[in-house]
Peer 1: 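Take a look at the following structure, please.
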There are 2 protein chains.
Amino acid sequence: MSPNVERRPPVMADVARLAGVSHQTVSRVLNDHPNVRAETRTRVLKAIDQLGYRRNLVARALVTKHSRTLGVVSFDTTLYGPASTVYGIEQAARDAGYFVSIVSLRTIDRAGVNDAIGYLAEQGVDGIVVVAPQRSAARALDDLPAGMPAVAVEGWHKGEVSVVSVDQVEGAKLATSHLLDLGHETVWHVSGPADWLEAEGRIEGWRAVLTAAGRPVPDVLTGDWSPRSGYRAGKELAAMAGDVTAVFVANDQMALGLLRAFTEEGVKVPEQISIVGFDDIPESEFFSPPLTTIRQDFGAVGRRSIEVLLRQIDSGEALPHERVVVPPQFVLRASTAVAAR
Amino acid sequence: MSPNVERRPPVMADVARLAGVSHQTVSRVLNDHPNVRAETRTRVLKAIDQLGYRRNLVARALVTKHSRTLGVVSFDTTLYGPASTVYGIEQAARDAGYFVSIVSLRTIDRAGVNDAIGYLAEQGVDGIVVVAPQRSAARALDDLPAGMPAVAVEGWHKGEVSVVSVDQVEGAKLATSHLLDLGHETVWHVSGPADWLEAEGRIEGWRAVLTAAGRPVPDVLTGDWSPRSGYRAGKELAAMAGDVTAVFVANDQMALGLLRAFTEEGVKVPEQISIVGFDDIPESEFFSPPLTTIRQDFGAVGRRSIEVLLRQIDSGEALPHERVVVPPQFVLRASTAVAAR
DNA sequence: ACTCGTGATGTTAGCGATAACAGAACCGGA
DNA sequence: TCCGGTTCTGTTATCGCTAACATCACGAGT
């Protein structure tokens, strides 16, 4: 017999009625508008509390044109890199008072990324972060909805959008130089899949160092980031044991595969072959032997990308495109040693 | 000199004007309402295409009371388990035509989870998935907004909400039984942190098997899921090498730490000590030795939780609480062997 | 010829908030 | 005392869409 059998959540007007003010005053209290008498404010606050009122951000977004939601398009957030990046993005966004809506693509291609961006645009996000590590995905950024603030992460892209990424080339140089400094004649490379920009950057840095030092540049072995592909590459490399003394592997998971293959083939690391990985996943320190690697600060990448994006959103117009580069860090552990003579 | 210097995105009325129909007819076309003449439909579609119109889901949500967005509250989505679960949730949600808004907590406690749920509720999500592997977080589910469809994942909870999870107890039994079957006198256990429900379930299963077999139940060593904590536990265990012949470790990352510690201490796996892990992360197969472990199908957990949640949303009312259990799977590899006599 | 049902379309009224403007109360200074 | 300017509060319009109802044309049934 209660007057409201229909358990409708309270709206601003209900609060206003209970507090004996207009709904606009309630709105003012909620938005910290200065011109509200302290006594009125507390009365409103009390009413809000009493009714368990929560503001409806959908209605608010409709009139303000701002949803305080950011869209993130990513690829396979199961992988350590994307997962960490997205985590960093989400943390930074929330600290800035934004929500994050995520679309995680199974396969990545221009159409898929475009669809995702379209959905997010319909949903009214204020800006979009595209974690686009692949060339095909990066291209999708060319046809963003006009005026939509956006930033690409880990996607090298010379075009119409700001980019935040770890300096892959530099990281690869660090790894390769380290190995050369240890006295190795040359360094082999197990790379990531061809379409990935990160894979390309790492090849580039590796090749640059070898070339600059006048060393022979061995053929690249190509993996797919998985430990299994590293394992296969490891078997190949083990078969050439005499020739190969140093390998730069494009990520830590593949490096684990190499380690396993070498163990099976009786190749000792680092005595016979030195290995450097890339990423510094939490496991690397406990591989056997602990892996020398290049750390990527994914958290920083996430934070910086939100900074760039919010700057665009706040300015309200198209800013010149930024290019933020996060430096990689060399981590020395036990998988590398002076070349055997 | 263009008439619309102000580049406002087109709205339904613009489309209607161009197509020479009312905005309501445009709405009908967009929502696949049957009563629209084919010729009219194509005309509208053409106008939509011509203007590059996208519907405003915020306005739609305001009137329909459905945002077609689901909220996900999780903890540290950098970890393999949560990351995979969230990925599965996102995929399943999108297949069902829902967006996913994510809040990733840094530290997990009742207040934090409550805040997150509150934010999502304001944002107008149609339902909430809480990945609540800790007791403190699971309790937050008791004060969900009334009428909000919700499901807990990996959180054992006897209360007022549906739960989807992998059968931790069963997994632990599988692991422990395997070790006993191999002839080990008893099995030691390195567990996860105390507050975690999964850690508790694994202890429970392990203890149950030992007790049922009338074996001594050693003290539990407690870790924090990290490889480093496993490493520490490994050092302790290595010091008791003679007594310890089999260890069930609560996750694969800690198992890696044990492996490393044992390698350093010259303890051979599986010759001297057998190890079983939990999770089956992609790396486990390439540990040295490859790790025998218990696989959790996180993708299935994500899918099932969305099924349960959508069922609640679609029914429009409070359904009886479900308890969905996803079976774990035993994966035999090379880190376990028959007990030395 | 006159209903009546049905399909196709248009008109109107909100959804729940904020923006913009309007009005009331109160202040100090001439 | 009166006036102009702050402060505080209320009223109205609006965001872009869908729901509900109204309207109109048309063909079938009597």
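Values reported hereafter were calculated over all heavy atoms of this structure, with side chains retained and with hydrogens, waters and symmetry mates removed. In what follows, chains are A, B, ... by sequence order, proteins preceding strands, each numbered from 1. Note that the structure is predicted; figures quoted are calculated from it, not measured.
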Peer 1: What string of B, S and - do you get for nucleotides 12-17 of chain D, 5' to 3', if B is base contact, S is sugar-phosphate-only contact and - is no contact with any protein heavy atom under 4.0 Å?
Peer 2: B--BBB
Peer 1: Are A:Asp14 and A:Arg17 within salt-bridge range, i.e. N to O under 4.0 Å?
Peer 2: yes
Peer 1: Any idea which heavy atoms bring A:Tyr53 and A:Pro10 closest together, and the distance?
Peer 2: CD1-O, 3.3 Å
Peer 1: The criterion is side-chain contact (heavy atoms from CB on, under 4.5 Å); which residues satisfy it with A:Leu18, sequence neighbours excluded?
Peer 2: A:Ala47, A:Gln50, A:Leu51
Peer 1: Side-chain N or O of A:Thr40 versus OP1/OP2 of D:dC8: is the shortest distance under 4.0 Å?
Peer 2: no
Peer 1: If we ignore hydrogens and angles and just use 3.5 Å, is the side chain of B:Gln91 paired with the main-chain N or O of A:Ser104 as donor and acceptor?
Peer 2: yes
Peer 1: Could you tell me the separation between the CD atom of B:Gln123 and the C1' atom of C:dG16, rounded to a whole number of Å?
Peer 2: 16 Å
Peer 1: Take the protein atom CZ of B:Arg41 and the nucleotide atom P of C:dA8, then report the distance between them rounded to whole Å.
Peer 2: 9 Å
Peer 1: So does A:Arg303 pair up with A:Asp95, basic N to acidic O under 4.0 Å?
Peer 2: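 Salt bridge absent between A:Arg303 and A:Asp95.
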Peer 1: Show each protein N/O and nucleotides 21-28 of chain D N/O combination with a separation under 3.5 Å, one pair to a line.
Peer 2:
none

Peer 1: Might you point out which heavy atoms bring A:Val125 and A:Leu70 nearest each other, and give the distance in Å?
Peer 2: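 Taking A:Val125 first and A:Leu70 second, the nearest heavy atoms are CG1-C, 4.1 Å.
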Peer 1: Starting at atom CD of A:Glu39, determine the distance to atom P of C:dC26, rounded to an integer number of angstrom.
Peer 2: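 Spelled out: CD on A:Glu39 to P on C:dC26 is 14 Å.
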Peer 1: Is A:Thr25 near enough to D:dG10 that one of its side-chain N or O atoms lies under 4.0 angstrom from OP1 or OP2?
Peer 2: yes
Peer 1: What are the two closest non-hydrogen atoms of A:Gln312 and A:Pro149, and how far apart are they?
Peer 2: OE1-CA, 3.4 Å
Peer 1: Using modelled atom types and a 3.5 Å cut-off, is there a donor and acceptor pairing between side-chain atoms of A:Thr64 and backbone atoms of A:Arg60?
Peer 2: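 Flag set: sc A:Thr64 to bb A:Arg60 pair under 3.5 Å.
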Peer 1: Please report the closest heavy-atom contact between A:Arg68 and A:Asp126, naming both atoms and the distance.
Peer 2: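 Between these two residues, the closest heavy atoms are N-OD2, 2.8 Å.
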Peer 1: Do the side-chain N or O atoms of A:Arg37 get closer than 4.0 angstrom to the phosphate oxygens (OP1, OP2) of D:dT7?
Peer 2: no
Peer 1: Check the distance between D:dT9's P and A:Leu30's CG and give it to me in whole angstrom.
Peer 2: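 Computing the A:Leu30:CG to D:dT9:P distance gives 15 Å.
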Peer 1: If the cut-off is 4.0 Å, is A:Asn35 near the phosphate of D:dC8, judged by side-chain N/O to OP1 or OP2?
Peer 2: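 Yes, within the criterion.
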